[in-house]
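Since the structure comes first, as structure tokens, the remarks are kept for the end.
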Amino acid sequence: MKVMIPLDESEGSFYALKWVLDHLFNSPTAPTTTTTDLAQSSQEAEPHLITIVHVRQPFTPFIYPAGPVVYATPMVVDAVRKANEEIATRIFSRALHMCKDQKMVKAETLVLEGDPKDRICEVADEQHFDLLVIGSRGLGKIKRAFLGSVSDYCAHHVKCPILIVKPPKESSM
């Protein structure tokens with residue numbers, strides 16, 4: 001089974017990853033394998049794979065203030081690029097630790113650039129994932145109307161099955 005999980009810095013996206021690891025890959029109904037079964041199943045079926053995706057917004061090196069156009073200096077562009085790389089590294093480090101060290105699940109990473117909702121749907125369709133699992137920030141109706149919702153967009157536009165994982169209510173924590 002190929003599962004795609006888009007992650008950003010939000011706790012909601014990491015909660016979705018934790019939910020997948022707890023419920024899809026370590027569930028009591030999941031088939032258990034012994035050492036002899038492992039040799040046979042490796043030839044018969046492909047192992048479960050989680051693809052962790054991080055989508056970066058493209059940086060526009062110019063600003064439109066009230067006056068003339070202001071261009072960012074090369075130092076600013078390099079600083080933004082380096083900061084984006086550090087963010088992706090932190091996200092992947094945390095996610096891979098959750099997958100490999102805690103649950104022994106094979107995971108791969110993928111960094112994309114562009115509008116998150118469009119890129120997630122494109123890659124999910126191109127790579128033929130079996131399931132897209134995406135976290136929900138729990139926005140209210142008004143905030144969702146103004147800010148938009150990546151999970152809502154993906155639910156309506158992606159062709160593979162999708163699971164939207166809502167974060168737990170704060171009162172239950």
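Between the OG atom of S149 and the NE2 atom of H156 there is a distance of 10.0 Å, given to the nearest 0.5 Å.
Both tests hold for R94 against F14: distance to the six-membered ring centre under 6.0 Å, angle to the ring axis within 45°.
Remark: the backbone N or O of T89 is not paired with any side-chain donor or acceptor of S93 at under 3.5 angstrom. In terms of modelled atom types and a separation under 3.5 Å, the side chain of H128 and the main chain of A124 share no donor-acceptor contact. Put simply, the side chain of H23 gets close to the backbone of W19: a donor and an acceptor are under 3.5 Å apart.
Of all non-hydrogen atoms in I164 and S136, the two that sit nearest each other are CG2-CB, 3.7 Å. The minimum heavy-atom distance between F129 and T51, with the atom names listed, is CE2-OG1, 3.3 Å. Scanning both residues, I162 and A155, for their nearest heavy atoms gives CD1-N, 3.7 Å. Of all heavy-atom pairs spanning D8 and H54, the tightest one is CA-ND1, 4.1 Å. Between V55 and P116, the shortest heavy-atom distance links the atoms CG1-CA, 3.6 Å.
Contact check for E9 versus I87: side-chain heavy atoms found under the 4.5 Å cut-off. Counting heavy atoms from C-beta outward, M4 and V133 have side chains that stay 4.5 Å or more apart. Under the 4.5 Å side-chain criterion, counting only non-hydrogen atoms from C-beta, I5 is not in contact with S13. Between F25 and V3, some side-chain heavy-atom pair lies under the 4.5 Å cut-off. The shortest side-chain heavy-atom distance between I120 and V150 falls under the 4.5 Å cut-off. Side-chain atoms of L24 and L131, non-hydrogen and from C-beta on, do get closer than 4.5 Å to each other. Within the 4.5 Å cutoff, side-chain heavy atoms of L132 are placed close to those of C154. Side-chain contact between C99 and L17: present, with at least one pair of heavy atoms (C-beta onward) separated by less than 4.5 Å.
Classification of K82 and E86 as a salt-bridged pair fails, no side-chain N sitting under 4.0 Å from a carboxylate O.
Applying the side-chain hydrogen bond (donor to acceptor under 3.5 Å, both in side chains) test to pairs two or more places apart or on separate chains, those with a residue in residues 117-127 are D118-Y153, R119-E122.
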*Test R90 against E85 for side-chain contact (heavy atoms from CB on, under 4.5 Å), laying out the working first.*
CA-CA 9 Å; R90 278 195 314 266; E85 289 173 1; over 6 Å; no

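For the side chain to side chain contact (heavy atoms under 4.5 Å, CB included) with L7, the lone residue among V53, I134, T109, I52 that qualifies is I52.
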